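For reference, positions follow the sequence shown, starting with 1. Quick caveat: nothing in here was measured; it's all calculated off a predicted structure.
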Amino acid sequence: MTAVLGVPDQINLDYAATAPCAQAAADAVAELLPWYGSVHRGAGALSRRCTLAYERAREAVGDFVGARPDDHVIFTRNTTDALNLLARALPAGTPVVTFGAEHHANLLPWPVGSVRLPVPDCPGAAIRSVDAALRELDRPALVAVTGASNVTGERWPIANLATIARRHGARIAVDAAQLAPHAPIDIAALGVDYVALSGHKLYAPFGAGVLAGRGDWLDAAPPYLAGGGATTHVGAATHDVRWAAGPARHEAGTPNLLGAVALAAVCTALDFEALHEREQVLLHRLRSGLADIPGVAELRMFAPDADRVGIVSFVVAGRDSAEVAAELARDHNIGVRDGLFCAHPLARRLIAEAAARAGRRDLPPTALRASIGLGTSPSDVDALLGALDRRRGLRLVA
C-alpha cells in the first residue's frame, strides 16, 4: 500500500478536511510534468500524451467508483462543485429530498422548495423517512444523501435508500466525499445514480473532484460552464452554438490535468478494503479512549455501534473547542479540526443531544473532530488521547 507524504514531527488527525498527498499521486505528477502540455487542444507529442493521460485518468476513476458503461465521469474542482453541477442539470420541476444531516455542499445547491427531512436517529428511520417523502411527492424526484457523515463518520444505508428511490421512480445522488477515502464504493452494485467526491480528501490534493453517473440529465442540461471545449460548433450569430455531449459538455476551459492524474493514481494504487479494515482498528482505539476521559462527549446520530468510517467529533466540557485545538497544536503538534464542520444544522443538534445524554450544561457551542486515514498510526491516536487526558489539571477536560 502506498505511503503518504507528511512532516515527521506533526501528528495529522484532520484527514476529513484534507488528506495528505499519497506518494503514488506525487509520483504520477512528477512523471507527467516533463510532458506537461495542453489537453484536447494540440497535435504535438506533449499534447497527445497529456490528452491520453487525462482520458486514462477518467477511465481509472470510473473503474474506482464502479461506473456503468453509459455513465459520465466528469472532472470538477471538488464535491461541492460536482453537486452544484448536478443541481444545474436537474430537469425543471424535479423535487430534491435530502436530510438536515448533510454537509452544506449537499444542502445549499438544491432549488428552493426542496424537501429537507429531519435528522434520523437510526438508519431504519432514514429509510422510512425517504419512503414517506417520496410517496407524498408522487412524482419523479432526486434523493441526495451522504455516504458517510463528515461530522460523525456514521455510514448511511445507501443501497437500501437506492432501492426505495427506484421503487418510487426517483433517482439518488450520493455525497461520497467522506465515504470514498475510507471504503470501496461501487455505484452499479449500490444501485445509485450519481456520486460526487473530492480528490483532496482522497490523497490527491490538487483541486480535482468528480461527478459520476447517468448521462441523460447531464447531456440535456445547458453547460455548467460555457466556453472552449464544451462546443462542437460556434457560428457567427450570437446564439449559434452546438454544445458537446458527454463529459466535455461540462468541462469547458483547460482542465486540471495534474489533479485528474493524481486522483487516478490513488484510485489505482490503494487497496481500500485493506485500508478500511486497518482504520476500523484505529477507530475503535480512538473512540474507546475518548469514552474513558471524563468530560469528553462524542457526537453521534445513531447507536454507538453503528457502522462508521474514521471520523470522530467530540466536545470537552467546560472548554472552548477552538482553544483546545490550539493547545493540541501548540503543545503537542497534533492537528485536529474545530468548529461546526460545514454542517451547521447537524453539528448544533448533535451537541445539544450530547449535552442531554450527559446531563451537562457546560458543553461548548462548537466541537472538535479527529479523523484518521492512510498515514495514521496507533501512536498518533495514543498521543491525542494522552494529550487530552494528562491535561486535566489545566482544565483541558472537566
Side-chain angles (χ1 to χ4, degrees), residues 65-68 70-72 74 79-80 82-149 154-177 179 185-197 211-222 224 245 249-250 301-302 306 343-346 349:
V65 299
R68 296 156 293 234
D70 57 347
D71 283 341
H72 289 348
I74 300 173
T79 304
T80 301
L83 291 171
N84 273 271
L85 165 56
L86 182 58
R88 287 279 296 273
L90 284 176
T94 301
V96 178
V97 177
T98 188
F99 284 90
E102 300 297 323
H103 186 281
H104 293 169
N106 204 23
L107 283 180
L108 304 184
W110 307 118
V112 174
S114 298
V115 177
R116 186 181 298 183
L117 301 174
V119 177
D121 60 5
C122 66
I127 295 168
R128 292 189 294 273
S129 185
V130 167
D131 188 31
L134 293 177
R135 185 180 298 111
E136 184 173 344
L137 284 170
D138 195 28
R139 66 184 193 272
L142 175 71
V143 178
V145 66
T146 188
S149 171
E154 291 162 314
R155 295 181 63 166
W156 285 61
I158 299 303
N160 301 93
L161 292 172
T163 298
I164 294 297
R166 286 195 304 273
R167 185 179 302 162
H168 292 280
R171 294 190 178 187
I172 182 169
V174 177
D175 172 358
L179 179 60
I185 183 168
D186 187 324
I187 61 179
L190 289 170
V192 303
D193 299 283
Y194 302 95
V195 295
L197 58 85
L211 176 67
R214 304 198 182 278
D216 53 348
W217 285 3
L218 296 163
D219 284 339
Y224 184 46
R249 187 183 188 90
H250 299 288
M301 291 177 286
F302 305 154
H344 293 183
L346 175 63
R349 177 191 177 107

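Distance check, rounded to the nearest 0.5 Å: CG of L179 to CG of L197 gives 9.5 Å. Annotation: the span from L190 atom CG to L161 atom CG amounts to 10.5 Å, rounded to 0.5 Å. I158 CD1 to I127 CD1: the interatomic distance, rounded to the nearest 0.5 Å, is 9.5 Å. Atom OG1 of T98 is separated from atom CG of L142 by 9.0 Å, given to the nearest 0.5 angstrom. To the nearest 0.5 Å, the span separating CG on D175 from CG on L86 amounts to 11.5 Å.
Contact between A141 and L134 at its shortest, heavy atoms only, is CB-CD2, 3.9 Å. Considering all non-hydrogen atoms of both residues, P345 and L107 come closest at CG-CD1, 4.3 Å. Here the shortest heavy-atom pairing between P120 and F302 reads O-CE2, 3.6 Å. A67 approaches I187 most closely through the heavy-atom pair CA-CD1, 3.8 Å. In plain terms, the two heavy atoms of I172 and V192 that are nearest each other are CG2-CA, 3.6 Å. Pairing each heavy atom of P109 with each of L83, the nearest pair is CB-O, 4.2 Å.
Judged purely by atom type and a 3.5 angstrom limit, R166 uses its side chain to pair as donor or acceptor with the backbone of G191. The closest donor-acceptor contact from the side chain of S149 to the backbone of E154 lies at 3.5 Å or more, if one exists at all. Of the possible polar contacts, none joining the D193 side chain to the A173 backbone as a donor-acceptor pair under 3.5 Å is found. Not one N or O on the side chain of H72 forms a donor-acceptor pair closer than 3.5 Å with the backbone of L218. For the pair R249 (side chain) and A221 (backbone), a donor-acceptor distance under 3.5 Å is present.
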Item to check | Stepwise side chain to side chain contact (heavy atoms under 4.5 Å, CB included) test for M301 and L346 | outcome: CA-CA 9 Å; M301 291 177 286; L346 175 63; 3.8 Å; yes
Item to check | Trace of the side chain to side chain contact (heavy atoms under 4.5 Å, CB included) decision for T80 with N84 | outcome: CA-CA 6 Å; T80 301; N84 273 271; 3.6 Å; yes
Item to check | Intermediate values then yes/no, side chain to side chain contact (heavy atoms under 4.5 Å, CB included), N106 and F99 | outcome: CA-CA 9 Å; N106 204 23; F99 284 90; over 6 Å; no
Next on the checklist: Could you go through W217 and L90, starting from their C-alpha distance and side-chain angles, then the distance that decides it, and tell me whether this counts as side chain to side chain contact (heavy atoms under 4.5 Å, CB included)?
Outcome noted: CA-CA 7 Å; W217 285 3; L90 284 176; 3.6 Å; yes
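Residue pairs meeting the side chain to side chain donor-acceptor pair (under 3.5 Å) criterion with at least one member in residues 120-134, sequence neighbours excluded: D131-R135, D131-H168. Residue pairs meeting the ring-ring contact (aromatic ring centres under 6.0 Å, His included) criterion with at least one member in residues 100-124, sequence neighbours excluded, are H104-H344.
Applying the salt bridge (charged side-chain N to carboxylate O under 4.0 Å, His left out) test to R116 and every residue at least two apart in sequence or in another chain returns nothing.
Counting heavy atoms from C-beta outward, P111 and V96 have side chains that approach closer than 4.5 Å. Between V143 and R171, every side-chain heavy-atom pair lies at or beyond the 4.5 Å cut-off.
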